[in-house]
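Atoms within a ligand are numbered from 1 in the order they appear, just like the ligands themselves.
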Amino acid sequence: MATKKTTNAEKPLVGIILGSASDLEQLEPARRTLKDFGVPFELRVLSAHRTPDHALRYAEEAEARGLEVLIAAAGGAAHLPGVLAAKTVLPIIGVPVKSKALNGLDSLLSIVQMPTGIPVATVAIDGAANAALLAISILSGKYPDLRAKIKRYRKEMEEKVLSARV
Ligand code: RP5
């Protein structure tokens, strides 16, 4: 008999990779959302240009370590999500971090314009919560508990909008 897959708190399913510790605040909504949904995750700071060997190794080993989705956040010349995507077939969700110089337009264009063959799913500038929700949607194809939770989340959002007093 097939057993239903459930998420296991011991083993991270999602990896959040930040290009710099300075990205942490903008990624807090991703961390909070994954926690709220009970999705096990890990968070690492790895830079495509300052620690390239470590970033590549992380991507190379991610699948064997049991990770199923990666969220990669970077600002400025934000090549981290694309570099990770080059080394793994796991789905990568890129979060363009709002930069000081160009308000994140640089980050957005760096992440969203991946050449054909190596995709990165890109969310809005500072769209960390949506990155986590998208990761949960991807996982929910395999984990029925997450499918139920994301449907409940949508229902609650619908009720909140409809009950707004204006
Ligand atoms: C990128 O450069 C990081 O993702 C960060 O958004 C940006 C600035 O990094 P720091 O100079 O603050 O470390 O690699």
Q) Near Ala74, which atoms of ligand 1 are under 4.0 Å from a heavy atom of that residue? A) 4 (O)

Q) Where is the nearest protein heavy atom to atom 3 (C) of ligand 1: which residue, which atom, and how far? A) Asp23 OD2, 3.4 Å

Q) Is there a side-chain contact between Tyr143 and Val39, using heavy atoms and a 4.5 Å cut-off? A) no

Q) Hey, which atoms in ligand 1 end up nearer than 4.0 Å to a heavy atom of Arg50? A) 9 (O), 10 (P), 11 (O), 13 (O)

Q) Would a distance-only check, ignoring hydrogens and angles, find a side-chain to backbone donor-acceptor pair under 3.5 Å from Ser107 to Gly76? A) yes

Q. In the protein, what heavy atom is nearest to atom 8 (C) of ligand 1, and what distance, to one decimal place, separates them?
A. Ser22 OG, 4.1 Å

Q. Around Arg154, counting heavy atoms of other residues, nucleotides and ligands shown, do more than 12 lie under 6.0 Å from its CZ?
A. no

**Q.** Residue His49 vicinity, atoms of ligand 1 by number, heavy atom under 4.0 Å
**A.** 14 (O)

(Q) Between Arg31 and Glu28 (salt bridge meaning N to carboxylate O under 4.0 Å), is one present in this structure? (A) yes

Q. To the nearest 0.1 Å, how far is atom 7 (C) of ligand 1 from its closest protein heavy atom, and which atom is that?
A. Gly75 O, 3.9 Å

Q) Is atom CD of Glu25 surrounded by more than 12 heavy atoms (other residues, nucleotides or ligands) closer than 6.0 Å? A) no

(Q) Less than 4.0 angstrom from a charged side-chain N to a carboxylate O is my criterion; do Arg44 and Glu42 meet it? (A) yes

Q: Decide whether an N or O pair under 3.5 Å exists between Ser47 and ligand 1.
A: no

